[in-house]
Amino acid sequence: MDCSTPRCSVWRELVLVVSLLACGIRQSSSQIYIIPDTLVGVEGYRSYLVLGNAPEDAQEYSWHRGANDTEGNMIISYDSTSDSRQYGPMYSGREALSNAGNLLIIRAQLNDTGNYTVRVDAINGTQTATGWLKIQELEIPGISVNTSSVVEDMESVAAVCDTNATNVTWYVDYIPVSSNSRMTVSPDGKTLIIQRFSHSDKPLQCGIEILPEIIQRSEPISLTVFFGPYYVFLWTNPNDFNGVLSAEIGSQVEMECVSYSRPESKYRWMHNGSLLSFSEKNITLLNLTWDQMGRYRCIGENPVTQLTFYQEVQVQAPWRRTIVTKTFTISGTWVVLLILMTVLGGVFFCIILIHTLIKHYSTRSHWGT
Ligand SMILES: *[C@@H]1O[C@H](CO)[C@@H](O)[C@H](O)[C@H]1NC(C)=O
Ligand SMILES: *[C@@H]1O[C@H](CO)[C@@H](O)[C@H](O)[C@H]1NC(C)=O
Ligand SMILES: *[C@@H]1O[C@H](CO)[C@@H](O)[C@H](O)[C@H]1NC(C)=O
Ligand SMILES: *[C@@H]1O[C@H](CO)[C@@H](O)[C@H](O)[C@H]1NC(C)=O
Ligand SMILES: *[C@@H]1O[C@H](CO)[C@@H](O)[C@H](O)[C@H]1NC(C)=O
Ligand SMILES: *[C@@H]1O[C@H](CO)[C@@H](O)[C@H](O)[C@H]1NC(C)=O
Ligand SMILES: *[C@@H]1O[C@H](CO)[C@@H](O)[C@H](O)[C@H]1NC(C)=O
Ligand SMILES: *[C@@H]1O[C@H](CO)[C@@H](O)[C@H](O)[C@H]1NC(C)=O
Ligand SMILES: *[C@@H]1O[C@H](CO)[C@@H](O)[C@H](O)[C@H]1NC(C)=O
Ligand SMILES: *[C@@H]1O[C@H](CO)[C@@H](O)[C@H](O)[C@H]1NC(C)=O
């Protein structure tokens, strides 16, 4: 190839650069290093110091505090030929070394910050690498809400995450949430507004990404949610049937109003349409009188949500039902007898009539003759 043209010389330079690059990569690939991403940790979390480019013929790995690899500052070492580990003077009980030579520090402390040196002994020789590990203070985001109590399905709540982090995640009932029809996250992520706050919308938490894929959450914060009643149930003794309670004069009747709400409902009772001066959830009539019969209504009202429900029962003497039952029983049995007697009576009457007629005519014919 004729390489006197300028174009060709450009090609030659390119080929040269590429081969230099390849050479550079090969050179660096034979040198061990500590992967830079692993040199930042957070207080209280685990930190991995990951070894890059470890030679295949490595026989022993050892990690040291500081910038050199003396015995006196050794933390831990691993001998792959005998599969054994040794612990040095800098071992704190929180370190572990994997078979691939990576160092794990659990529950990192701020004073774990510093230089770490790894030494790899291989058949082809010994290499060392040093890296500066920085353990950051753990930032726990703060959280605040603009109210401590809220009426369910009525009021809105604004929560603010107190942090300088830019990547805030929100959790409602421990589940991550984003803006939806009822919830709005502000553009900077630091405020969450929940409309028509519900019973199940608690607790609230915000979280920040302190390390890639590691989220530190705030304390969970719960609000007092006022709700209900969703219904009122009227329990009676004796039991009512379809809202009708049959009780004998002189017997005992108990009625109790039951509802579920927060705060506890206030109760009122009405009898035959007039309000009783009575505000307990139950009424006991020890000795039922005619006067105490009639329609009872119990009203349960939540003073905060202002929701009100009621339930009614009719207290009456059992005579109406009994008479109806008796009449029915009598007719059932006696109707047959009555029909039978009517038929028999009819037949008997006919026989008597015929007999009398025959007798009468025979007498007349007798006369006539
Ligand atoms: C050891 O070094 C020699 C020459 O420097 C090389 O050919 C060989 O591949 C190396 N062995 C390993 C396991 O790296
Ligand atoms: C190892 O490093 C420490 C400081 O980290 C230094 O005081 C000491 O002299 C060094 N030792 C050797 C043998 O380099
Ligand atoms: C950490 O090591 C670097 C060299 O790798 C050195 O310049 C620095 O002074 C060391 N720092 C400490 C605190 O030993
Ligand atoms: C590092 O700090 C912890 C407390 O966070 C302490 O208990 C420990 O003794 C310190 N270690 C050194 C080597 O200073
Ligand atoms: C809390 O913030 C929400 C949304 O901005 C607002 O609707 C609500 O009235 C606030 N509550 C209080 C008690 O200020
Ligand atoms: C946010 O940054 C400001 C100024 O840099 C500082 O005063 C404030 O304490 C920081 N807040 C948090 C929660 O870190
Ligand atoms: C925030 O973090 C999430 C997950 O950790 C990621 O998917 C998202 O891209 C990040 N957003 C920003 C603005 O950093
Ligand atoms: C209501 O019921 C409670 C226990 O169930 C009882 O102690 C109380 O005396 C009752 N009140 C009335 C007015 O019957
Ligand atoms: C119920 O009231 C009636 C009339 O007031 C009375 O005669 C009767 O003794 C009372 N019975 C009981 C068990 O108190
Ligand atoms: C309520 O009505 C019933 C009939 O439904 C009656 O027997 C009773 O005397 C009435 N009581 C009062 C206090 O009005």
Side-chain angles (χ1 to χ4, degrees), residues 31-36 38-41 47 49 51-52 62-70 72-75 88-90 103 105 108-120 126-136 142-162 168 170 172 177 179-198 201-204 206 221-227 237-238 247-254 283-293 304-306 315 317-318:
Q31 174 59 45
I32 64 164
Y33 63 101
I34 303 172
I35 294 174
T38 67
L39 288 167
V40 177
S47 277
L49 289 168
L51 182 62
S62 66
W63 283 85
H64 306 256
R65 279 302 292 263
N68 55 33
D69 59 343
T70 58
N73 62 10
M74 190 181 88
I75 304 166
M90 300 307 265
L103 181 70
I105 303 173
Q109 299 174 350
L110 289 180
N111 58 14
D112 289 333
T113 297
N115 278 324
Y116 285 76
T117 299
V118 59
R119 192 183 79 208
V120 179
T126 293
Q127 291 184 46
T128 63
T130 296
W132 176 262
L133 173 68
K134 167 103 178 94
I135 302 296
Q136 294 171 348
I143 183 171
S144 58
V145 285
N146 69 342
T147 179
S148 62
S149 61
V150 67
V151 174
E152 181 173 53
D153 292 337
M154 298 283 288
E155 293 178 345
S156 303
V157 168
V160 174
C161 195
D162 182 21
V168 179
W170 284 94
V172 172
V177 296
S179 290
N180 60 34
S181 60
R182 219 161 49 77
M183 302 182 190
T184 312
V185 177
S186 65
D188 70 358
K190 290 179 191 166
T191 305
L192 170 72
I193 293 175
I194 303 182
Q195 269 141 22
R196 301 187 303 285
F197 200 85
S198 133
D201 285 343
K202 53 179 200 171
L204 304 178
C206 65
I221 192 166
S222 279
L223 288 88
T224 303
V225 182
F226 298 121
F227 63 88
N237 184 27
E248 303 280 0
I249 291 295
S251 67
Q252 177 169 323
V253 169
E254 294 170 74
I283 285 185
T284 304
L285 307 171
L286 287 171
N287 185 350
L288 190 66
T289 63
W290 284 110
D291 232 27
Q292 290 172 329
M293 301 273 180
V304 177
T305 64
Q306 294 181 335
V315 178

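Each ligand, and each atom within it, is numbered from 1 in the order the structure gives. Just so it is clear, the model here is predicted, and its values are computed rather than measured. Numbers here simply count residues along the sequence, with the first being 1. Side chains are part of it too, since the values below use all heavy atoms of this structure and drop only hydrogens, waters and symmetry mates.
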Might you work through the side-chain hydrogen bond (donor to acceptor under 3.5 Å, both in side chains) test for Asp188 and Ser186, ending with a clear yes or no? CA-CA 5 Å; Asp188 70 358; Ser186 65; 2.7 Å; yes
Checking Arg119 side chain against Thr126 main chain: does a donor-acceptor pair fall under 3.5 Å? no
of all protein heavy atoms, closest to atom 4 (C) of ligand 5 is Ile193 CG2, 4.0 Å
Under 4.0 Å from atom 14 (O) of ligand 9, is there at least one protein heavy atom? yes
Check Ile135 against Ala108 and note the closest heavy-atom contact, atom names and distance. CD1-CB, 3.7 Å
Would atom 2 (O) of ligand 9 count as contacted, meaning some protein heavy atom under 4.0 Å? yes
Show your reasoning for whether side-chain contact (heavy atoms from CB on, under 4.5 Å) applies to Leu223 and Lys202. CA-CA 7 Å; Leu223 288 88; Lys202 53 179 200 171; 5.5 Å; no
Where's the contact between Asn146 and ligand 5, heavy-atom distance under 4.0 Å: side chain, backbone, both or neither? both
Considering only protein heavy atoms, which is closest to atom 7 (O) of ligand 5, and at what distance to one decimal place? Ser156 CB, 3.5 Å
What atoms of ligand 3 come within less than 4.0 Å of a heavy atom belonging to Ala67? 2 (O)
Could you tell me whether atom 11 (N) of ligand 9 has at least one protein heavy atom nearer than 4.0 Å? yes
When every non-hydrogen atom of Asn68 is compared with those of Thr117, the smallest separation belongs to N-OG1, 3.5 Å
Output the list of atoms in ligand 5 that are nearer than 4.0 Å to some heavy atom of Thr147, sorted by atom number. 13 (C)
side-chain hydrogen bond (donor to acceptor under 3.5 Å, both in side chains) against Asn180, all qualifying residues, sequence neighbours excluded: none
Against heavy atoms of Ala158, which atoms of ligand 5 measure under 4.0 Å? 1 (C), 2 (O)
Whether the side chain of Trp290 engages the backbone of Ile249 through a donor-acceptor N/O pair (distance < 3.5 Å, no angle test) should be reported. no
Identify the closest protein heavy atom to atom 6 (C) of ligand 9: which residue and atom is it, and at what distance? Asn287 ND2, 4.1 Å
Could you tell me, atom by atom, which parts of ligand 3 come under 4.0 Å of a heavy atom of Trp132? 11 (N), 13 (C)
Can Leu204 and Val172 be said to form a side-chain contact (heavy atoms from CB on, under 4.5 Å), step by step? CA-CA 5 Å; Leu204 304 178; Val172 172; 3.8 Å; yes
